[in-house]
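Each chain gets a letter, A, B and so on, in the order the sequences are listed, and its residues count up from 1.
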Amino acid sequence: MGASTALLDSPVTDTPLLELRGISKSYGSVQALTDVDFEVRAGEVMALVGDNGAGKSTLIKCVAGTHAFDGGEIYFEGRQVEIHGPKDAADLGIEVVYQDLALCDNLDVVQNMYLGREEHDWLHRLKEPPMEQRTAETMKSLAVTTIRSIRQPVATLSGGQRQSVAVARAVMWNSKLVILDEPTAALGVAQTEQVLALVRRLAEQGLAVVIISHNLHDIFETAHRITVLRLGRNVGLYERVKTTQQEVVEAITAGKPTKVSGIPMTAAAPQ
Amino acid sequence: MTTVAGPETAAQTEGTSAGLRSLLRTGIDDIRSGNLGVLPIVLALVAIVVFFSFSATNFFTATNFGNVIIQMAGTTMLAYGVVFVLLLGEIDLSISYVAGIGALTVAELQRPGSGPALSGLIAMPLAIVACALIGTAQGSIVAKIGVPSFVVTLAGFLIWQGVIVYRLEQPGSIIIQDRWINYTGSYYFSHLAGWLIAALVVGGYAVSVLSGVVSKMRAGVTVPNRPLILLKVVALAVAAFGVVAICNTAKVQGTPLGLPLAAVIIVLFLVVLTFLAKRTTFGRHVYAVGGNAEAARRAGINVPRIRILVFLISSVMAGIGGIILAANVNSVDTNFGGGTLLLDAISAAVIGGTSLFGGRGEVRNAFLGGAVIATVQNGLNTAGYNPGTIYIVTGIILLLAVTVDTVARRLQARAGR
């Protein structure tokens, strides 16, 4: 099987890069997350799936620092950490690529890549050549070859190309964990393939990747492991090579809450 | 010797012609995709000049050329500020009366007798500071509290007009006698100084372009369109020396005139503000906020700060424009800032190609739009048309400019993606 060979090649490590234990979160009287465990390792693509209202977005927003957890612990690289705001998350090396991309259409690729982090001298004059150079290098290292010129405005790019820019931007800042929220939701078949290939390359380069998607096909094509949430609780953790779409769909629609914090480490490491 | 030189020259000419061809191709690509740039507005300006040269006897003279420059200076200053506000997708309706506040403040501060009788060199900076405070206040209400800029600046429009009327109702007007203030509207450089200024402008541009190319080459980044860069430098040299040459032949009743100070002010702010918009992190963030404020916020840009600074720029440019406009007539009266000043300034920015929806536009748009409006108004005046005609023609040009831009953008949407 070609796919499982790809899995073996990935530099998956044993200790989770990010580990959440017993996370709870409520909005007023609505309990969005109850005692949720989650983990992702460097070099691994972890899918986060669940029906609408399962708590996927809440979990991600808490990790990204836009919301605060009510209870639970976060471990990053084995150390317990606290995330109080987006800046804390960014300092840890966590980057989120949101569904609506957060790109400026009127700016070109380089300008978007460096948005808010422009290189400048003491006069705040922009240093365009190094920014252009590094953007080109990043694009090349991620094998994003479909963009004709990194100096063209993002408005002229296709959906897949725009998604690639958003992902590349997340990667460029020495990030360790990249979270992708529905990266293929608005894309056609060819564009989707483009983005999924990019997601796999991120893991191959040793990053931890979390992908949220409604599309099981996409998930079975990219993810190493799959975490399923239902009604704000864990209902299953599956290894892609040892499960079926059928099993995952059942968990999404009718899964019983399980406590998965004691997942045996050996079970998850490929072979 | 010949064997070496032969292939080299061949390669060189081939390189140049390939460069020209790629230049032509990108030009055609741009036009086809609706990215017209400044081409339509420059063509319109040429057409307007040609039209009035034939229809008005005193239009195409060196003296009148200087007049047009002086007439456009005040409005163009306001329009420069409008570009920044429009880049954010906001609007500033208060600028004409903030200009009035700038003019009133200098007039008050220089007033001899019962007034403080300050030198214009002190009065002008103080007036600009006053306008900066107004801009900061208006900008803060927009950015921090979230009141729409249309409402905040409409209130400003009424309030600052009220202040002007309140102060000037009794005297009716204040005469400006300070020579420094009046220089902004009526000083002419000597012929030699004019040539030196042109040389400085062209030299400065060439050096900045060259250093840009060198740093790009050093970083190993491709340098786009070398022939285009050369063409731009040559075109600027022709324009700069041409303007000075024309101004230097102007005479009023036998007294030779020269390059007006107003021309230098226009170009100085064009350069400084273009630098600010295109070459600094602040300018980049203005475009970002105008393109997608949420994306800018997520990228860590302090969006309220950018908004406040832009309204500050708008008010400061209005104040500077107001001082120049007051200097043109050597006084400030109760009607100052009224009439079509506000709409001329916004029209200038929009005619030049600045989008009303944010994120798209350049400072030079205001320069070209200001030139078009001043030329049309001057031409119609010179040809002896009824003032009503001036409004109608300005309105038609505004409508045409925005229509061309809208159609061009629709083509762009079709060509892109």
Q: Side chain from CB out, backbone as N, CA, C, O: work out which of these in A:L115 comes under 4.5 Å of a heavy atom of chain B, or both, or neither.
A: both

Q) Relative to chain B, which segment of A:E128 carries a heavy atom at a distance below 4.5 Å: side chain, backbone, both, or neither? A) side chain

(Q) Between A:N106, A:T66, A:V96, A:L123, who has the most heavy-atom pairs with chain B when the cutoff is under 4.5 Å? (A) A:N106

Q) Rounded to the nearest 0.5 Å, what separation is found between the CD atom of A:Q111 and the NE2 atom of B:H285? A) 10.5 Å

Q) If you measure only the distance, is there a donor-acceptor pair under 3.5 Å linking the side chains of A:H124 and B:T280? A) no

Q. Which heavy-atom pair separates B:A288 from A:C104 by the least distance, and what is that distance?
A. O-SG, 3.4 Å

Q: Could you tell me whether B:K278 atom NZ has more than 12 heavy atoms of other residues or ligands within 6.0 Å of it?
A: yes

Q. When you look at CZ of A:R201, are more than 12 heavy atoms from neighbouring residues, nucleotides or ligands closer to it than 6.0 Å?
A. yes

Q. Which distance, rounded to the nearest 0.5 Å, do you find between the OG1 of B:T281 and the CD of A:E119?
A. 12.5 Å

Q) Rounded to the nearest 0.5 Å, how far apart are CZ of B:R279 and CZ of A:R125? A) 10.5 Å

Q | A:E82 atom CD, neighbour heavy-atom count above 12 within 6.0 Å | A | no

Q) What part of B:F275 gets closer than 4.5 Å to chain A, counting heavy atoms only: side chain, backbone, both or neither? A) side chain

Q: Applying side chain to side chain donor-acceptor pair (under 3.5 Å), name anything that partners A:S26, two or more places apart in sequence or on another chain.
A: A:D70

**Q.** Smallest separation among heavy atoms of A:L126 and B:R284, with atom names
**A.** CD1-NH2, 3.3 Å

